[in-house]
Amino acid sequence: MSETFSLRRWLTTTNHKDVGILYLVTSFYFMFFAGFLAMNFRVQLFSPNQSLFTASAYNQVVTTHGLMMILWVLSPMGFAFANYIVPIQIGAKDMAFPRLNALSYWFYLFSGLLLVSSFFLPGGGADVGWTAYAPLSTTKYTPQVGMTVAAMALIMLVASITVSTVNFITTIARERARGMTWSKMPLFTWGILYTVIMMLFAFPPLGAGLLILLSDRILGTMFFTSNAGGALLWENFFWFFGHPEVYILLAPALGILFEIIPAFSRRPIYGRKFILGAFALASIISFLVWGHHMFATTETALVKKIFSATSVAISLPFEIVTIYLIATLLRGSIRLSTPMLFGLGAIYMFIIGGITGVFNASIALDYQFRGSYWVVGHFHFVMGGTVIFALLGALYYWFPKMTGRMYNEKLGKIHFFISAIGFTMIYFPMFFLFDMPRRIFTYPATAGWDFMNHIATIGGFIFGSIQLLLLANILLSLRRGPPAGFNPWGGWTLEWLIPSPPPAQDFEVSPKIEREEIVFPKGGSTEWEDVEESYTPWPLTITIGTTLGLLGVAMFLPLAILGLAVVLASLVGWFRDDFRGKFAAKAEGMGMWPFEKISHEKLGMWVFITAEMMLFSMVVSGYIYVRSNSAVWPSPLLVTNILAHLQGGIINVPGVGEIAIHNIVLGTVNTLVLVTSSLTMALALNAIKNGNVRGLKIWLLATLALGVTFMVIKGYEWAGLYSEGFTITSGLPAASYYLTVGLHGAHVIAGLIAIAFLITKAYKNGFTKESYTGIENTGLYWHMVDVIWLFLFPLFYLL
Amino acid sequence: MAYPPPADQWWGLFYYFSTLGAIIGGIVIAFLVLAAIKYRYKPGKPEPEDAPKPGTFPKDRGHLKYLFVLSFVTLSIISTLVVGSFSAFHVLTTPPDKGLDIEVTGFQWAWGFKYPNGVQTVSNLVIPVNQTIVFHVTSSDVKHKFGVPYFKTSIDAIPGQVGEIWIKATSTGDYDILCYELCGVGHAGMIGKITAVSQSQFNQWLENATKQK
Ligand code: HEM
Ligand SMILES: [Cu+2]
Ligand SMILES: [Cu+2]
């Protein structure tokens, strides 16, 4: 099924190279879409008082442009190359979880389509900026359903990225060729590893923020409209994600530069270890600087100073990386081919973007810059300049590998020079526009901003239109380009040792590293799975079901039920494939320290658990935030309430009114139920390890029963609270209780579904003494759910 | 041109940053371009000894020594930036004297002002020249950002929170107030005006306004 134009191939593939191509084509499509929007608003801003757009249309266009470029173009394009190249570079057979990889892609595509479609809904799409500041983004000020749909698109993207994260961390940690130690791993793979680690900690917080926003929008809670939460709660959530996010965009780009610059200078990279160290340092600090987006808020001076200092400090590791990249050139024999030109261009952009970043990091200067075109200039030099240029460099660099044909060098060079000039013309003038507010749809003639805007718009058209040359070059070279051979650039990494384009299974025999050489051992294992086996429709159908479900929740509930049915049916199909041994775990690569002893499913589960922990800790942080900002909050710690607490119910607090008190007795019973279920789950695992299938069935059934009991008691509790008028809209104590505990409940239900699958499989004798990974991993997940409850119970019932 | 406080502080710092930024950026970009030109491939030029070979791990290179030198130089430069910023920040956030307090409320889509004696205006603010004006800024709906670009200072207008900045006009005339945070469809038009007049004109204006109240 490897014909190029087989629809069935592209809809059902799980091959990492196919998925990579899908990512590449999709992210290019979205780039042209978002770029087209930008050219339109550059026309609007060409001179004062233009009327191409109304204010409302303009805001929607700017918002979609920003969201799309940052989340649906830059990152996914990096991941196009990551999907294609990383498994080859490390000598893996494919990604650790090929089906999940396809699932990530489909979630990505459909979330993007959801975002685009929100445009065409009545009332229009999101028009609140990519930062979606609350309370503007709540229903009160942005009632249109398009905003809800956009938030759901984001949640879907968060899911896609979380799955990718699990997949890439596991692949890189577990699937490397024999002998490929950490210190021998190619730098592009390192760049992707840094990226996914940052993603693992940054995206769940965005997910948490979005869940709360959606709860405000759909369920009518008031986290972001009340003063106890409000604007600052959202900003902390958003930037805790948002700052690492910008480095998440940058890291693959740097990884690309680490490949291109040495390859074309014909010298090893200068200071490889120092670069990796500096990069690690920057990744860590990136979680400690989010406050620099909030210098103009009412945070205290001390907080601002700390964030200012950390932000200035982060320029040090980046400076080291930049200087070392340039030092790599020295005494080289530099081929100025198109990928190299784009690589050098990216460094040039990074210098300008980095220096202006330091300006922003100055709390005093930022009093003017915040919210002005200066910031727009800064981040376009780093994101548009550095990242896009590096990605274009990567496209030229790996194009011969992916297609087997060379691109046209002359057109490539023209594309580079005109792009670099056009790009600088758009964004450099913005450093003179620090008085001009960003995101305004027009400006008065008296402001004196015309000239710089003229240049920017002209630059925009130069930059935008020259991208058509890239398109032409690609299309032309796909047909007529001269054959590329294995290794047109003299690169050393594994992808250059195999044919272009690589065959479906990449290598004939598994590569191995001996001393400093990559070798393909003669007579090594040549057993590759049947290629036909790696196609499956379920990732796509799960995605379609999820999309329908989300649209349904936003607009028309019956649709959500249909969506849920599709998802469940697809899951059944997925697990039946498992049962039939399709996609059976492949022979594993070498688990390097510290991952020698852990199977890749288990490692994947641990990574996923980390993401879940981040999600819950952010939701709980939100709860702590609103609670500590509220004047009153019902707490059993008040002695007078203890009695009331033992029974639950509503009490009347003088001066405050009626407040619900959670029933400690019921809560305790439920805690015991859940803890016991962890025990039965452990016993189930123990049974099958001893080959005791009967025991396995009994203990799994017991776990299921206990889990259901937990949910029934919960339902009883909630029904009681509702009947006494304590509903999700009765204020922040109620809202945070229902939201957090409800999110936990949803996890319990997901766990129960998984256990139901396990039971079915156990009854079909699907588990043996030797193969029980499903039990082990579901067990881990189940214990996590229980541990989370052990935190939630005291937080909501006792404190 | 002399800038009125606190813009004088801001501009001083901005020039310091810009000078350093232009010099350092210029040097590094020149280093990049010159290196790329100087070491470029010419026909007949031999490959460097340690050139990448397919399938062979490249040698690591680089000295810890240079890393220390580079870090030390960088840290000394950026520490001056931090010190300069903190001292300018102190000025920006500390009114030099008690001054005239104005309560500012941003709303969709204009600015409301309230003088200490209760007089209220919308969009237009009259202030006396050569006197410190302290703005206490909040919002009654969504987030805005109250900015007075001529004075190079601004602060978020956040519902339920009050932020403070100050200015001191040194000459009479009109100054723009702009909103620097997207706040809905009227964001671009959320433009106000500060009119600085002499102390006696101001007193008279306030008296009239108080009578009309
Ligand atoms: C030397 C390194 C950098 C420093 C010190 C720095 C500092 C800052 C600061 C302080 C801001 C906040 C400005 C404001 O809103 O008033 C900012 C904004 C921003 N930076 Fe950077 N930055 C650096 C590098 C980067 C990189 C590498 C990227 C992306 C690849 C990036 C992307 C952004 C974006 C997207 C924003 C604006 C977000 C928004 O408000 O929409 N920055 N930067
Ligand atoms: Cu940041
Ligand atoms: Cu505004």
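The analysis underlying the following values was restricted to heavy atoms, covering all of them including side chains, and did not include hydrogens, waters or symmetry mates. In what follows, every chain begins at residue 1, and chains take the letters A, B, ... in the order their sequences are listed. Keep in mind the model is a prediction, meaning the values are calculated, not measured.
With respect to the salt-bridge test (charged N to carboxylate O, under 4.0 angstrom), the residues D435(A) and K152(B) qualify. Under the 4.0 Å criterion applied to side-chain N and carboxylate O atoms, E47(B) and R335(A) are assigned as salt-bridge partners. For the pair E516(A) and K59(B), the salt-bridge criterion is not met [side-chain N within less than 4.0 Å of a carboxylate O].
Both the backbone and the side chain of I155(B) come within less than 4.5 Å of a heavy atom in chain A. Heavy-atom distances place no part of M340(A) under 4.5 Å from chain B, backbone and side chain included.
Residue pairs satisfying the ring-ring contact (aromatic ring centres under 6.0 Å, His included) criterion with at least one member in residues 120-145 of chain B, sequence neighbours excluded, are listed as follows: W111(B)-H144(B), F135(B)-F146(B). Applying the salt bridge (Lys or Arg N to Asp or Glu O under 4.0 Å) test to residues at least two apart or on different chains, the pairs with a partner in residues 96-109 of chain B are K98(B)-D101(B).
Interface remark: of the candidates P48(B), S87(B), G184(B), G189(B), P48(B) forms the most heavy-atom pairs closer than 4.5 Å to chain A.
W374(A) and F14(B) have perpendicular rings, their planes meeting at more than 60° on a 0 to 90° scale where under 30° would count as parallel.
Contacts with chain B (heavy atom to heavy atom, under 4.5 Å) involve these residues of residues 261-271 of chain A, listed by number: P262(A), S265(A), R266(A), R267(A), P268(A), I269(A), Y270(A), G271(A).
Side chain of S154(B) to main chain of Y367(A): a donor-acceptor pair is present (N/O by atom type, distance under 3.5 Å, no hydrogens or angles).
Between R61(B) and T328(A), some side-chain heavy-atom pair lies under the 4.5 Å cut-off.
Under the side-chain hydrogen bond (donor to acceptor under 3.5 Å, both in side chains) criterion, E259(A) pairs with Q89(A), not counting sequence neighbours.
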